[in-house]
Amino acid sequence: MSEFRVATRYAKSLLELAKEQQVLDVVHKDMLLFSKTCEENRNLLLMLRNPIINHDKKLAILKAIFKDKVNKLTFAIFDIITRKNRENILFAISTEFHTRYNNLVGIGTANVTTAFDLTNDLKISFENIAKKLTGKNVELKEKVDEDMIGGFVLRIDDLQIDNSIKNKLNELKMQFRITK
């Protein structure tokens with residue numbers, strides 16, 4: 001079974017259990033903390049995926065980092081996954097949990113690609129545009145592509161607004177080819 005399918009099943013079970021125990025928001029924050037920690041510390045992610053390191057050692061490291069910072073349900077999933085020798089999918093579980101949580105509470109995802117880092121005002125503008133298009137709150141994910149020259153590309157689900165200079169130049173090129 002693929003890593004994604006296994007992670008999806010664990011994330012779905014954790015979501016249902018967190019709802020049942022009325023700690024959904026707390027577990028969501030814990031999973032965001034875990035994801036952020038893995039993204040900021042590549043060595044942690046590599047350690048979890050390393051088949052040579054003993055599972056008990058991995059659990060001890062997870063306990064040292066997260067035991068006092070997360071809900072007991074969140075740590076229980078870390079413990080269960082590690083005891084089943086599947087700690088390599090913990091990061092995938094945390095990201096899938098976040099996706100399922102957003103779907104449950106009605107938060108969409110919008111991806112914006114620009115040639116530079118967005119200011120807070122621009123972030124708010126893009127969030128407002130995405131909110132108007134989807135009718136729900138959105139989580140904005142930014143990507144900087146220095147080859148873009150200028151403009152932006154906004155993706156919301158299957159909708160794409162390409163207002164990049166590269167796209168405009170391609171449109172001009174096509175118009176010139178047609179008029180030849």
Side-chain angles (χ1 to χ4, degrees), residues 1-16 18-19 24-50 86-180:
M1 192 177 305
S2 75
E3 179 180 302
F4 175 76
R5 287 183 63 189
V6 174
T8 299
R9 289 181 180 181
Y10 278 113
K12 182 179 177 185
S13 297
L14 179 59
L15 187 81
E16 294 299 320
K19 273 187 357 188
L24 183 61
D25 290 332
V26 174
V27 173
H28 178 244
K29 288 177 184 170
D30 293 345
M31 290 311 223
L32 289 176
L33 173 68
F34 179 78
S35 293
K36 183 179 178 189
T37 304
C38 287
E39 288 169 355
E40 291 174 354
N41 187 345
R42 188 169 186 267
N43 289 335
L44 175 63
L45 196 55
L46 292 174
M47 180 274 303
L48 290 171
R49 292 183 175 166
N50 189 331
R86 292 200 160 171
E87 58 278 340
N88 61 319
I89 65 167
L90 276 172
F91 182 74
I93 292 170
S94 67
T95 55
E96 182 61 22
F97 184 90
H98 178 64
T99 301
R100 288 182 170 272
Y101 175 86
N102 281 351
N103 288 338
L104 181 70
V105 298
I107 298 174
T109 302
N111 297 298
V112 64
T113 305
T114 58
F116 53 87
D117 289 327
L118 295 177
T119 64
N120 284 336
D121 290 340
L122 284 173
K123 287 178 190 177
I124 292 169
S125 295
F126 281 116
E127 287 173 354
N128 289 336
I129 291 168
K131 188 175 183 176
K132 285 178 185 174
L133 291 171
T134 62
K136 56 185 177 180
N137 290 331
V138 295
E139 177 182 342
L140 189 67
K141 294 183 180 180
E142 303 173 55
K143 180 181 174 190
V144 175
D145 181 2
E146 294 172 0
D147 294 333
M148 185 177 265
I149 304 170
F152 66 89
V153 177
L154 179 63
R155 289 187 186 97
I156 308 165
D157 298 326
D158 60 347
L159 173 68
Q160 177 174 304
I161 301 170
D162 191 343
N163 197 13
S164 65
I165 292 176
K166 181 179 179 180
N167 184 52
K168 298 222 184 279
L169 289 172
N170 284 338
E171 288 174 1
L172 280 173
K173 189 187 298 183
M174 292 301 291
Q175 286 179 358
F176 286 131
R177 284 185 184 164
I178 293 172
T179 59
K180 273 188 174 180

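Keep in mind that the numbers below use all heavy atoms, side chains included, and drop hydrogens, waters and symmetry copies.
- Atom OG of residue S164 and atom CG of residue N170 lie 8.0 Å apart, to the nearest 0.5 angstrom.
- Looking at heavy atoms from C-beta onward, I161 lies in side-chain contact with L133 at the 4.5 angstrom threshold.
- Partners of H28 according to the ring pair (Phe, Tyr, Trp, His ring centres under 6.0 Å) rule, which considers only residues two or more places apart in sequence or in another chain, are H98, Y101.
- Expressed to the nearest 0.5 Å, how far CZ of R5 lies from CD1 of I89 amounts to 12.5 Å.
- Among all heavy-atom pairs drawn from F152 and L154, the shortest one is CD1-N, 3.9 Å.
- With a 6.0 Å radius and a threshold of 12 heavy atoms from other residues, nucleotides or ligands, Q160 has its CD atom above the threshold.
- Taken to the nearest 0.5 Å, the CG atom of L14 stands 9.0 Å off from the CG atom of L24.
- Scored by the side chain to side chain donor-acceptor pair (under 3.5 Å) test, E40 finds no partners at all (sequence neighbours excluded).
- One finds the CG atom of D25 at 11.0 Å from the CG atom of D30 (value rounded to the nearest 0.5 Å).
- Partners of N128 according to the side-chain contact (heavy atoms from CB on, under 4.5 Å) rule, which considers only residues two or more places apart in sequence or in another chain, are I124.
- No donor-acceptor pair under 3.5 Å is formed between the side chain of D162 and the backbone N or O of N167.
- Put simply, the side chain of K143 does not reach to within 4.5 Å of the side chain of V153, judged on heavy atoms.
- Closest non-hydrogen pair, A92 versus E3, comes out as CB-OE2, 3.8 Å.
- A search for salt bridge (charged side-chain N to carboxylate O under 4.0 Å, His left out) contacts involving R100 returns E96, not counting sequence neighbours.
- For the ring pair (Phe, Tyr, Trp, His ring centres under 6.0 Å) test, no residue two or more places apart in sequence or in another chain qualifies with Y10.
- Qualifying salt bridge (charged side-chain N to carboxylate O under 4.0 Å, His left out) partners for K19, counting only residues two or more places apart in sequence or in other chains: E16.
- Judged as a side chain to side chain donor-acceptor pair (under 3.5 Å), and not counting sequence neighbours, the contacts of N163 are K168.
- Every side-chain contact (heavy atoms from CB on, under 4.5 Å) that N103 has, sequence neighbours left out, goes to T99.
- With sequence neighbours left out, K123 forms a side-chain contact (heavy atoms from CB on, under 4.5 Å) with L118, N120, L140, E142.
- Rounding to the nearest 0.5 Å gives a distance of 11.0 Å between CG of L122 and CG of D117.
- Residues meeting the side chain to side chain donor-acceptor pair (under 3.5 Å) test with K131, sequence neighbours left out: N137.
- V27 is listed as a side-chain neighbour of F97, based on a closest heavy-atom distance under 4.5 Å.
- Here the NZ atom belonging to K141 is positioned 5.0 Å from the OG1 atom belonging to T109, to the nearest 0.5 angstrom.
- Between L44 and M47, some side-chain heavy-atom pair lies under the 4.5 Å cut-off.
- For the pair K166 and D147, the minimum side-chain heavy-atom distance is 4.5 Å or more.
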Validation: residues 31-39 side-chain donor-acceptor distances under 3.5 Å, sequence neighbours left out:
from	atom 1	to	atom 2	distance (Å)
S35	OG	M31	O	3.1
S35	OG	S94	OG	2.7
T37	OG1	L33	O	2.7

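- Residues forming a side-chain contact (heavy atoms from CB on, under 4.5 Å) with A130 (at least two apart in sequence, or on another chain): A110, V138, I156.
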